[in-house]
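Notes for the one structure printed next.
Lettering follows sequence order; numbering is per chain, from 1. Note that the structure is a prediction, hence the values are computed from the model and not measured.
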Protein chains: 2
Amino acid sequence: MTTDNGGRPRAGRNRSRNRKNRVTVKDVAERAGVGTMTVSRALRSPDSVSAKLRERIEMAVADLGYVPNRLAGGLASSRTRTVPVIIPSLSNAVFPDIVEGISSVLQRHDLQILLGNTQYSLADEEALVSTFLSWSPDGVIITGLEHTERTRRMLAAADIPVVEIVEWGEAPIDMNVGLSHVAAGRTMGEYLIGQGYRRIAFVGPQMDRDVRAAKRLAGLRAALAAAGQEGGPALSLDRPSAVRAGGDAISQLLGEAPDIDAVFFANDDMAVGGLLECQRRGIAVPGTLAIAGFNGLEFSGEVMPRLTTILTPRHEIGRRAAEMLVTRLAGQPVAATRVDVGFTLLRRESA
Amino acid sequence: MTTDNGGRPRAGRNRSRNRKNRVTVKDVAERAGVGTMTVSRALRSPDSVSAKLRERIEMAVADLGYVPNRLAGGLASSRTRTVPVIIPSLSNAVFPDIVEGISSVLQRHDLQILLGNTQYSLADEEALVSTFLSWSPDGVIITGLEHTERTRRMLAAADIPVVEIVEWGEAPIDMNVGLSHVAAGRTMGEYLIGQGYRRIAFVGPQMDRDVRAAKRLAGLRAALAAAGQEGGPALSLDRPSAVRAGGDAISQLLGEAPDIDAVFFANDDMAVGGLLECQRRGIAVPGTLAIAGFNGLEFSGEVMPRLTTILTPRHEIGRRAAEMLVTRLAGQPVAATRVDVGFTLLRRESA
DNA sequence: GTGAAAGCGCTAACAG
DNA sequence: CTGTTAGCGCTTTCAC
């Protein structure tokens, strides 16, 4: 009977799970008595459709409970309103703050976040970037300036806005918002030296992986060298940043180098842990041992003595990165594509 | 020359941005001298293809730098290896922990997280669910058991695994992992009563929005009622949970109800803030005022006195939720679809 | 302002 | 084990 359809069952009736009675543009178009194109346009740019039709279409959409299929839309247009956000960790309190900043502006512009956690591994990062790009994202936000060569190539080839965040520096792939961690480390070093400390130790978490912590140490050493000082030992813990880790570090340091008079911790949580450990041991802070941290987390200002630290504008980093992305997506020029948000030394009582 | 293509320009040359020279299955197939289907299969289930062809295909993939387009794949199969994770906030330290737990198992199974932040608004939650479902996700992980009617309907209709997390209770949409916040509140209440406290105040953050904090209060009240006690005032702050908020709450409480002898904070960060405020004011803890928290965040065990609190297994909640999802996706039956992970009262020095 | 036709790149469902 | 065919649901062209 039928010609080219032959006797075959008419297309996939039960092709897969919930495919059965999905509402499509076609359904909406029929109900509104218009073409599918008009529906599509009415939904994306309502002004390009006459008021009458727009109204009819909106009613049909509501009646049918139509929700556009983003996969189909993305496939056809290669725009998905999606932004991968690639960070090294969530347990480091720094990153949830940044992601909140990003999220606050992206959600307002109807852009979805795809979250990727690299666990401080550049290989994992590369794999994530590859996967994410296969989603035709509208842009990418990625932590740091150090990536594998392939990661950089893929990102550059994607031809979409890319913002590298947290670290500020030379030759970003595209745009960059952050601060110089070397400068921050140097600033703290100079401050401690100025306060008269002479044997300054450093404690960082997994510094082979956490490049930025390593840069803060480099900054400290630069300050030490400039002052013609030797400093104290640098400890790289083999576990992530945490309060407990800071306490343990103090114990270890006191065993190995009892003559130190100050400790610069790469993160506030460790620093607070160190501070509390000193209190437990009855070591006077800063009298016997000064303690300094990094990041300016909220509770660093609530302990006693309050922690001397460097405040980093985390929410701002996220917000500005997202704003740059959105501006570029809107086709507008981004005034500054490399922004140094800086940092603030909080001189408090612990050092 | 050409037949049915007529004189038309050969398809969209410059159809959009980076569409130009995208490598597709077709290219890989040609280079390997096989059909596109074989390429598709070789990539998804290598065992279903002969070793010889598989090798040729893998070489072609590498040579060409082929990355499959997930949108096309998802559209065709309605499986996208994507899981929306919907949480109320990232600034509450509880949620990054949970997301890390989820992420640790999902990444291992090549499932991507779509992160959604509701800001404790059920209306925002509904909007997020609607958007996310338009991505044909493989499953959904969502916080809490309270949703709008439409959210529940959409989720149920999607016909994919759904795990509601954090709260444990009756009649989940599908699967559920969490704990009873009423029971946790009651447990803390009974403990405090048992310790001899008589005027127990409660402090929670934005309790009109944070349903689970409200449940902990309900639990406390139940314990108070059972013991025939009246308790103290309950304070609902108008800002999110934070250390500083806890300190301020103590100040306010001491003004309004100086006769209280214990404060149960809905979160550890506030509780620690309260504790530190007492120290600043020279109020003996627990002598004059006992302080209790909730969650068992790491630093609650580092302050002095250590904070009495309730430990919630956050990482476990995330991990198990993701495992249940993965099991279901593998077509295997999930042994327990409603799991109560419980909680642990940490009796320490502050109360 | 509106519509018709032609894919986006992939995979399900066959047949071989 | 492999290939052919026909879409997935939308948007891009291009004509009206």
Side-chain angles (χ1 to χ4, degrees), chain A residues 4-20 22-30 32-54 56-57 66-81 134-136, chain B residues 4-20 22-30 32-54 56-57 66-81 134-136:
Chain A
D4 45 58
N5 266 333
R8 268 195 333 93
R10 266 216 69 58
R13 191 182 94 274
N14 179 22
R15 261 197 81 175
S16 92
R17 284 190 304 214
N18 50 331
R19 184 62 65 66
K20 35 199 175 190
R22 211 190 188 301
V23 181
T24 71
V25 252
K26 211 164 196 166
D27 301 320
V28 177
E30 274 170 19
V34 300
T36 62
M37 236 3 261
T38 309
V39 174
S40 173
R41 275 194 281 258
L43 261 35
R44 282 173 306 143
S45 40
D47 302 324
S48 66
V49 167
S50 72
K52 187 172 295 178
L53 286 191
R54 192 191 324 145
R56 292 228 308 270
I57 291 169
Y66 170 65
V67 178
N69 181 329
R70 297 241 178 183
L71 293 168
L75 181 58
S77 68
S78 67
R79 267 173 285 106
T80 55
R81 307 220 55 88
S134 71
W135 281 99
S136 301
Chain B
D4 46 56
N5 266 333
R8 266 199 332 95
R10 268 217 65 61
R13 190 182 98 273
N14 180 21
R15 261 198 81 178
S16 91
R17 285 189 305 213
N18 50 332
R19 182 65 64 69
K20 35 200 175 189
R22 213 190 186 299
V23 182
T24 72
V25 252
K26 212 163 198 166
D27 301 319
V28 177
E30 274 170 18
V34 300
T36 62
M37 226 18 247
T38 309
V39 174
S40 173
R41 275 193 281 257
L43 262 33
R44 282 175 306 143
S45 40
D47 302 325
S48 66
V49 167
S50 73
K52 186 172 295 179
L53 285 191
R54 194 191 322 144
R56 293 227 309 269
I57 291 169
Y66 171 66
V67 177
N69 181 328
R70 298 243 177 182
L71 293 168
L75 181 58
S77 68
S78 66
R79 266 174 286 103
T80 55
R81 308 222 53 91
S134 71
W135 281 99
S136 301

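Taking the side chain of B:Thr24 as heavy atoms from C-beta on, and the options C:dT2, D:dC10, C:dC10, the nearest nucleotide is C:dC10. When the nucleotides D:dT12, D:dG9, D:dG7 are ranked by their closest atom to the side chain of A:Arg79, D:dT12 comes out on top. Between C:dT2, D:dC10, D:dT2, one nucleotide has an atom nearer to the side chain of B:Ser50 than all others, and that is D:dT2. Candidate nucleotides C:dC10, D:dT11, C:dT2 were compared by shortest atom distance to the side chain of A:Thr36, and D:dT11 ranks first. Listed nucleotides: C:dT11, D:dT11, D:dC8. Nearest to the side chain of A:Met37: D:dT11. Out of D:dC10, C:dC10, C:dA12, the shortest distance to the side chain of B:Ser77 is found at C:dA12. The A:Val49 side chain lies nearest to C:dT2 when the options are C:dC8, C:dC10, C:dT2.
One N or O on the side chain of B:Thr80 and one on the backbone of B:Ser136 form a donor-acceptor pair closer than 3.5 Å.
With sequence neighbours excluded, the residues that form a side chain to side chain donor-acceptor pair (under 3.5 Å) with A:Arg44 are A:Ser40. Remark: B:Ser48 engages B:Ser45 in a side chain to side chain donor-acceptor pair (under 3.5 Å) (not counting sequence neighbours). In this structure, the side-chain contact (heavy atoms from CB on, under 4.5 Å) partners of A:Thr24, at least two apart in sequence or on a different chain, are A:Lys26, A:Asp27.
Going from atom CH2 of B:Trp135 over to atom C1' of D:dC8 covers 15 Å, rounded to whole Å. Following rounding to the nearest Å, B:Lys26 (NZ) and C:dC10 (P) show an atom-to-atom distance of 11 Å. A straight line from CG of A:Leu75 to P of D:dG7 spans 17 Å, rounded to a whole angstrom. Computed from coordinates, the A:Asn69 CG to D:dC8 P distance equals 11 Å when rounded to whole Å.
At the heavy-atom level, A:Leu71 lies nowhere under 4.0 Å from the strands shown.
To the nearest 0.5 angstrom, A:Ser77 atom OG is 5.0 Å from A:Arg79 atom CZ.
Within residues 38-47 of chain B, the residues having any heavy atom under 4.0 Å from DNA chain C are, by residue number, B:Ser40, B:Arg44.
Between A:Arg54 and A:Ile57 there is no side-chain heavy-atom pair separated by less than 4.5 Å.
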Got a list of side-chain donor-acceptor pairs under 3.5 Å for residues 32-39 of chain A, not counting sequence neighbours?
none

